[in-house]
Amino acid sequence: MRVLFVCLGNTARSQMAAALYNKLAHTHDADSAGTAVQKPGQTLLERKRELPDRAFTIDVMDEIGIDVRNNKSTQLTQEMLDKYDLVVSMVTEQYAPDWLIHAPNYLYWDVDDPKGISYELTAKARDIIRHKVEVLISSETPVRAS
């Protein structure tokens with residue numbers, strides 16, 4: 001199943017979700033994007049170098065053995081939605097475009113944005129996302145060839 005994970009800036013929650021999905025499902029079928037990306041194409045490592053006291057995604061993912069240093073921030077577009085079987089958004093309605101909320105393949109996950117506040121909040125968000133990803137993977141119905 002092709003899954004797109006969406007958050008606001010595409011520097012924490014959606015990046016962690018896509019990496020966790022790909023690792024736990026043993027696939028490369030998940031991607032991530034953001035609704036308000038400040039620097040499209042910027043890697044998480046470049047962001048960490050710019051904001052060493054506010055960018056914890058690499059650190060919390062390293063802690064569980066997943067390298068996200070070279071993951072790049074991607075701006076969400078409406079055209080992207082058709083490429084995925086499921087679009088999981090962690091963006092509250094006030095920051096989500098209507099076309100995202102009304103997409104037929106849309107699912108909302110309520111996960112607080114750690115906003116670069118602390119390592120602890122980013123790790124907490126990672127753990128919540130990991131649990132949700134595990135539930136998602138376990139509930140997937142295998143597609144069978146006809």
Side-chain angles (χ1 to χ4, degrees), residues 1-52 54-92 95-97 99-101 103-145:
M1 177 167 63
R2 299 267 307 144
V3 183
L4 179 66
F5 292 96
V6 179
C7 70
L8 193 61
N10 193 221
T11 60
R13 295 171 295 169
S14 58
Q15 292 280 2
M16 291 188 288
L20 284 161
Y21 183 93
N22 286 332
K23 173 86 172 185
L24 297 173
H26 308 289
T27 185
H28 296 289
D29 290 342
D31 296 311
S32 68
T35 59
V37 175
Q38 291 181 351
K39 295 183 179 181
Q42 182 182 45
T43 67
L44 294 183
L45 182 57
E46 291 167 339
R47 177 175 171 75
K48 183 162 183 61
R49 287 180 180 147
E50 283 182 12
L51 304 166
R54 293 190 56 219
F56 304 106
T57 305
I58 291 172
D59 302 324
V60 302
M61 295 304 283
D62 276 352
E63 184 177 67
I64 61 169
I66 300 175
D67 184 0
V68 294
R69 284 169 178 71
N70 294 318
N71 291 19
K72 294 181 180 180
S73 294
T74 302
Q75 177 62 47
L76 179 69
T77 65
Q78 188 171 0
E79 296 75 29
M80 291 171 71
L81 302 184
D82 292 337
K83 297 178 186 176
Y84 297 92
D85 302 304
L86 180 64
V87 178
V88 178
S89 175
M90 293 167 267
V91 180
T92 58
Y95 296 111
W99 48 262
L100 173 61
I101 295 169
N105 52 350
Y106 174 84
L107 175 65
Y108 176 72
W109 283 356
D110 186 10
V111 179
D112 289 339
D113 188 351
K115 299 176 187 151
I117 296 170
S118 71
Y119 177 91
E120 292 76 18
L121 285 177
T122 307
K124 181 179 178 182
R126 177 208 57 211
D127 293 343
I128 292 167
I129 291 166
R130 182 181 186 137
H131 174 73
K132 289 178 176 292
V133 166
E134 289 170 343
V135 170
L136 175 64
I137 291 169
S138 70
S139 67
E140 287 180 21
T141 304
V143 177
R144 298 176 190 215

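Excluded from the calculations below are hydrogen atoms, water molecules and symmetry mates; all remaining heavy atoms, backbone and side chain alike, are included.
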Chemist: Would you confirm whether Asp29, through its side chain, and Asn22, through its main-chain N or O, come within 3.5 Å as a donor-acceptor pair?
Modeler: no
Chemist: Write down the atom of Thr74, the atom of Asn10, and the distance for their closest heavy-atom approach.
Modeler: N-OD1, 2.7 Å
Chemist: Find out whether Val135 and His131 are in side-chain contact, i.e. whether some heavy atom of one side chain is under 4.5 Å from a heavy atom of the other.
Modeler: yes
Chemist: Can a salt bridge be assigned to the pair Arg130 and Glu134 using a cut-off of 4.0 Å between side-chain N and carboxylate O?
Modeler: yes
Chemist: Quick check: do Trp99 and Leu81 have side-chain heavy atoms less than 4.5 Å from each other?
Modeler: yes
Chemist: Go through the steps for Ile129 and Met90 under the test side-chain contact (heavy atoms from CB on, under 4.5 Å), then give the verdict.
Modeler: CA-CA 10 Å; Ile129 291 166; Met90 293 167 267; 4.0 Å; yes
Chemist: Once rounded to the nearest 0.5 Å, what's the spacing between atom CG of Leu136 and atom OG of Ser138?
Modeler: 8.0 Å
Chemist: Would you name the heavy atoms of Ala96 and Val91 that are closest together and state the gap between them?
Modeler: N-CG1, 3.7 Å
Chemist: With the threshold set at 4.0 Å, does a side-chain nitrogen-carboxylate oxygen contact exist between Asp59 and Lys48?
Modeler: yes
Chemist: When rounded to the nearest 0.5 angstrom, what distance separates NZ in Lys115 from CG in Leu8?
Modeler: 8.5 Å
Chemist: Would a 4.5 Å heavy-atom cut-off, applied to side chains only, mark Leu20 and Met61 as touching?
Modeler: yes
Chemist: Quick check for you: to the nearest 0.5 Å, what is the distance between Met1 atom CE and Asn105 atom CG?
Modeler: 10.5 Å
Chemist: Going through the distances and angles, do Val133 and Trp109 end up as a side-chain contact (heavy atoms from CB on, under 4.5 Å)?
Modeler: CA-CA 10 Å; Val133 166; Trp109 283 356; 3.9 Å; yes
Chemist: Check Thr35, Val88, Asp31 against Val6 for a side chain to side chain contact (heavy atoms under 4.5 Å, CB included) and give me the one that passes.
Modeler: Thr35
Chemist: Counting neighbours of OH on Tyr108 that are heavy atoms of other residues, nucleotides or ligands and sit closer than 6.0 Å, is the number greater than 12?
Modeler: yes
Chemist: Got Cys7 and Asp113 here, is their nearest side-chain heavy-atom distance under 4.5 Å?
Modeler: no
Chemist: Looking at Arg2 and Tyr84, what are the two nearest heavy atoms and their distance?
Modeler: NH2-CE2, 3.4 Å
Chemist: Below 4.5 Å, heavy atoms only, C-beta onward: do Leu44 and Thr11 meet side chain to side chain?
Modeler: yes
Chemist: Mind checking the CZ-CG spacing from Arg126 to Leu121? Nearest 0.5 Å is all I need.
Modeler: 12.5 Å
Chemist: Enter the distance from Leu4:CG to Leu107:CG here, rounded to the nearest 0.5 Å.
Modeler: 12.0 Å
Chemist: Looking at every non-hydrogen atom in both residues, tell me the closest pair between Arg13 and Val111 and how far apart they are.
Modeler: NH1-O, 2.7 Å
Chemist: Checking Thr122 side chain against Pro114 main chain: does a donor-acceptor pair fall under 3.5 Å?
Modeler: no
Chemist: Evaluate side-chain contact (heavy atoms from CB on, under 4.5 Å) for Asn71 paired with Thr57, printing each intermediate quantity in order.
Modeler: CA-CA 11 Å; Asn71 291 19; Thr57 305; over 6 Å; no
Chemist: Between Ser89 and Leu100, is any pair of side-chain heavy atoms under 4.5 Å apart?
Modeler: yes
Chemist: Hey, what do you get for CG (Leu86) to OH (Tyr21), rounding to the nearest 0.5 Å?
Modeler: 8.0 Å
Chemist: Any side-chain heavy atom of Lys23 within less than 4.5 Å of one from Ile64?
Modeler: no
Chemist: Salt-bridged, Asp67 to Arg69, with N to O below 4.0 Å?
Modeler: yes
Chemist: Look at the side chain of Gln75 and the backbone N and O of Gly34, then say whether any donor-acceptor pair between them is shorter than 3.5 Å.
Modeler: yes
Chemist: Which heavy atom of Ser14 sits nearest a heavy atom of Ser32, and at what distance?
Modeler: O-CB, 3.3 Å
Chemist: Would you call the rings of Phe56 and Tyr119 parallel, tilted or perpendicular, where under 30° means parallel and over 60° means perpendicular?
Modeler: perpendicular
Chemist: Does the side chain of Asp127 reach to within under 4.5 Å of the side chain of Val60, using non-hydrogen atoms?
Modeler: no
Chemist: Less than 4.0 Å between a side-chain N and a carboxylate O, is that true for Glu46 and Lys39?
Modeler: no
Chemist: Which heavy atom of Ser73 sits nearest a heavy atom of Val37, and at what distance?
Modeler: CB-CG1, 3.7 Å
